[in-house]
2 protein chains.
Amino acid sequence: MYSLLNMCSIDATDDRTALARIRDAAVVRFGEVGFSETTVRDIAAAAGVSAGLVLHHFGSKAGLREACDDYVVAEFARSRIEAVESGEIDPFAAMASVQAEQHLMRYFLQSLRESSPAASRLFAASFEETLRLMELSVEQGVIRPSDNLHDVTAVLLAWQFGGMLLQEHVARVMGVGTDVAEMMPRYARASLEVLTHGVFADTRYEDAWREFAASGAPPPTEEDPA
Amino acid sequence: MYSLLNMCSIDATDDRTALARIRDAAVVRFGEVGFSETTVRDIAAAAGVSAGLVLHHFGSKAGLREACDDYVVAEFARSRIEAVESGEIDPFAAMASVQAEQHLMRYFLQSLRESSPAASRLFAASFEETLRLMELSVEQGVIRPSDNLHDVTAVLLAWQFGGMLLQEHVARVMGVGTDVAEMMPRYARASLEVLTHGVFADTRYEDAWREFAASGAPPPTEEDPA
DNA sequence: ACCTCGGCTGAACAGGTGTATAGTCTACTG
DNA sequence: CAGTAGACTATACACCTGTTCAGCCGAGGT
């Protein structure tokens, strides 16, 4: 019904609908520089259409964002479903496949920066899936059992995405470039070390906290002495 | 200490100079909603002056940002020096004192979101100090020795700040409010558990990675299976 | 007294923003 | 073939942005 020829200037071989081109361009721009730094005219130019058409299809810039949110959420869900159907269990491979679609991940990370509604949806969805993965890994003896697996998973997820958000700063203090190939070996080794052995030499801090929590007093300190 | 945000009508007892009021208001606004979402007129109104005066004192909005950056960096440094001079060693207390000046921390976190130049400076400074603290803690037997303490510190710092950045999302999946009093017990318990015992049941992932790194092949996966 | 200088203001300017509107063209339908 | 619907464009509009500018005012020096 709405299949039109696309005459426009972007690429003669681009057979995507103008609407799809707008949406894709918006996902890229929003992911790269953020929502408020992106102009409707930018997106229109990148999609090879006029600014008016963007509003014609999506109503407003906010409507375009919502459409992008829905699209990215759906794409993530689709890629996860594919991964599950292919019988993927290995958590390493799981993360690798998430990393695969870079522009989606960029959009997600940018959403986290801006605390957009999509970020909450994606974080929550990622949490549910990770929690299932953690439970499975505990059964398989890969992950140490915990009577607090729910919160532990939430913290680990925050650390993981938080680490991605601060990638640039980690790379700088490590003295390497921000590209994955250069940074990942260092980051992976350090994080694996912490996630395997912890950082504290004994349980004194954990004990101190447990004792404190049991006393019912308002806790006096921040989270961890990293 | 000194009065915080007094929006339109400045308190008659406010003896700060107009320049200081502008700078303080800018730090608050930049920290709350970010640089590009804050207008010069907003800041001027919050400081009780005209928009022209802001530019008169700081040249431009960018100049104001630089001044705020310098101010916040200096304030952080000052508070850290005070902490060191008071003989503070306990990492818990260290983090608590950092948390104390909330508007400075908010400014820093917002800078991290926006990857502003100040964020790099503050992250690097925080890293240097944390690294010294870690070395000291290793000597005291509190932190487990590591032949990779530099990178481990970088990762832990990224996780800590990253966790703060994603505070809202962690709270949501934990089912608690975002305020510190409600969230911190849960967050502290989970992070202490991980930092004390790790999450992996054995060293298989660490071994696999070491083996892989030794082979010299390009690594195939992402950082951790959180 | 006069003068000067810097803090300070109000209005104006130039550019960019999201958005509304009028109109063109093409494809489909009766 | 008329006619309608919708994709699409160009233009204009209203608003907001950072910034500029001419000038006011009070304090301090001579």
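Here the structure is a predicted model, which is why all the values come from computation and not from measurement. Side-chain atoms are counted along with the backbone in the values below, which use heavy atoms only and exclude waters and symmetry mates. Chain letters run A, B, ... following the sequence lines, proteins first and then strands; every chain starts at 1.
In this structure, A:L55 atom CG and D:dT9 atom P are separated by 13 Å, rounded to whole Å. In this structure, B:L64 atom CG and D:dG18 atom C1' are separated by 12 Å, rounded to whole Å. The interatomic distance linking B:R16 (CZ) with C:dG7 (C1') rounds to 17 Å, in whole Å. The distance between atom CZ of A:F58 and atom C1' of D:dA7, rounded to the nearest whole Å, is 13 Å. Between A:K61 atom NZ and D:dC15 atom P the separation is 19 Å, expressed in whole Å. Distance, B:F30 CZ to D:dG18 C1': 12 Å, rounded to whole Å. Spacing between atom CG of A:L19 and atom C1' of D:dG6 amounts to 13 Å, rounded to whole angstrom units.
OP1 or OP2 of C:dG7 sits under 4.0 Å from a side-chain N or O of B:H56.
A donor-acceptor pair under 3.5 Å is absent between the side-chain atoms of B:E193 and the main chain of A:V152, judged by distance alone. Of the possible polar contacts, one joining the B:K61 side chain to the B:T38 backbone as a donor-acceptor pair under 3.5 Å is found. Between the side chain of B:Q167 and the backbone N or O of B:T178 there is at least one donor-acceptor pair closer than 3.5 Å. Counting only distance, with no hydrogens or angles, the side chain of B:T17 and the backbone of B:A20 share no donor-acceptor pair below 3.5 Å.
Residue contacts shown for A:T38 are limited to sugar-phosphate atoms, with no base heavy atom under 4.0 Å away. At the heavy-atom level, B:A18 lies under 4.0 Å from the strands shown only through sugar-phosphate atoms. When heavy atoms are screened at a 4.0 angstrom cut-off, B:S50 is found touching base atoms of the nucleic acid.
Picking from D:dC8, C:dC8, C:dG18 the nucleotide with the shortest atom distance to the side chain of B:H57 gives C:dC8. In this structure, the nucleotide among D:dC8, C:dG18, D:dT20 sitting nearest to the side chain of A:R41 is C:dG18. For B:L53, the side-chain atoms get nearest to C:dG7 when compared with the rest of C:dG7, D:dT9, D:dT19. Side chain of A:S60, nearest nucleotide from C:dT19, D:dC8, C:dC8: C:dT19.
The 5' end of DNA chain C is approached more closely, in terms of each residue's nearest nucleotide, by B:G52 than by the other of A:E37 and B:G52.
At least one side-chain heavy atom of B:L156 sits less than 4.5 Å from a side-chain heavy atom of B:L195.
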